[in-house]
Amino acid sequence: MFGAFRITSPLSGGLLWKIPWRLSTPQKRRQRKRLRLVDNVIQTIDNALKKQNMESTTKLERWKEEMPTEAEMRPKDKYTMFDRKEKRYRKGIHKLPKWTRVSQRINPPGF
Amino acid sequence: MPFFKITLIRSSIGLPKKTQGVLNALGLRKRMATVFKPVNPSTAGQIMRIKELVAVSEVEEALTDAEMRERRRPDPGYYIEKAGIGA
């Protein structure tokens with residue numbers, strides 16, 4: 001009845017593998033934390049290069065120009081992403097493969 | 001001379017070969033491995049490729065593996081008295 005191989009609907013075969021349509025509150029919290037961690041890395045690299053009066057690198061400059069920080073992002077962009085096949089053009093960001101290890105911050109304007 | 005202290009926090013399992021290649025180039029073979037790389041635009045570009053996976057800080061000195069291990073060593077809780085200094 002209990003344990004790893006208990007009989008549940010998803011394990012009993014068939015195509016029942018449910019992914020919730022939205023993130024839970026702790027998932028959203030961890031997502032914000034991950035966004036801030038990436039922001040910190042960017043900040044550290046930028047400060048270190050500036051301190052040495054070194055020229056920056058294209059990837060860093062483009063990121064700073066194009067990507068909003070966690071504080072600047074709208075909640076809508078933190079937890080959902082654009083998808084042309086979805087009703088109302090939005091799906092939960094957790095539907096994105098490897099979503100905890102990739103950066104997905106900007107969406108098409110107007111969506 | 002300042003260094004980037006780069007620690008691999010998240011595994012690269014299932015990520016693109018390009019990402020795994022950057023980690024190999026930096027010498028980050030497994031999780032929680034730490035490497036020191038000089039601060040320069042080329043290293044910065046490498047870190048940008050793997051920014052979601054690592055923790056980065058700027059330090060003045062690069063430590064060897066042995067030095068890092070020595071710093072993790074806990075206090076033994078005792079010391080050995082030396083005879084004949086005061087008496």
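Chain letters run A, B, ... following the sequence lines, proteins first and then strands; every chain starts at 1. We use all heavy atoms of the structure for the numbers below, so side chains are in, but hydrogens, waters and symmetry mates are not.
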Which atom names give the shortest non-hydrogen contact between [X] and [Y], and what distance separates them?
X	Y	answer
B:Val56	A:Val41	CG2-CG1, 3.9 Å
B:Ser57	A:Thr44	CA-CG2, 3.9 Å
B:Gly45	A:Thr57	N-CG2, 4.0 Å
A:Met54	B:Pro41	SD-CD, 3.8 Å

- prompt: Do A:Ile45 and B:Glu58 have side chains that get closer than 4.5 Å, going by heavy atoms?
  reply: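 No. Closest side-chain heavy atoms not under 4.5 Å.
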message: Are B:Lys51 and A:Leu37 packed together at the side-chain level, in the sense that at least one heavy-atom pair is separated by less than 4.5 angstrom?
response: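 Contact flag for B:Lys51/A:Leu37 side chains = no.
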- request: Name the member of B:Ile9, B:Leu15, B:Thr19 that forms the most heavy-atom pairs with chain A at distances under 4.5 Å.
  value: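 Counting heavy-atom pairs under 4.5 Å, the top option is B:Leu15.
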Same apolar cluster: [X] and [Y], side chain cutoff 4.5 Å:
X	Y	result
A:Ile93	A:Trp21	no
A:Met81	A:Val38	no
B:Leu53	B:Val35	yes
B:Phe36	B:Leu28	no
B:Leu26	B:Phe3	no

- prompt: With no hydrogens and no angle check, is any side-chain donor or acceptor of A:Arg34 less than 3.5 Å from a backbone partner on B:Glu52?
  reply: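 Answer holds: no.
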Which atoms of [X] come close to chain B, meaning under 4.5 Å heavy atom to heavy atom: side chain ones, backbone ones, both, or neither?
X	value
A:Gln52	side chain
A:Leu35	neither
A:Thr100	both

message: Less than 4.5 Å to any heavy atom of chain A: does that hold for the side chain of B:Thr43, its backbone, both, or neither?
response: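 Contact with chain A involves no heavy atom of B:Thr43 at all.
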Set of ring-ring contact (aromatic ring centres under 6.0 Å, His included) partners for A:Phe111, sequence neighbours left out: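 Once residues adjacent in sequence are excluded, the partners of A:Phe111 under the ring-ring contact (aromatic ring centres under 6.0 Å, His included) criterion are A:Phe82, A:Tyr89.
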query: chain B contacts: which residues in residues 59-79 of chain A have a non-hydrogen atom closer than 4.5 Å to it?
result: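 The stretch touches chain B at A:Lys59, A:Leu60, A:Trp63.
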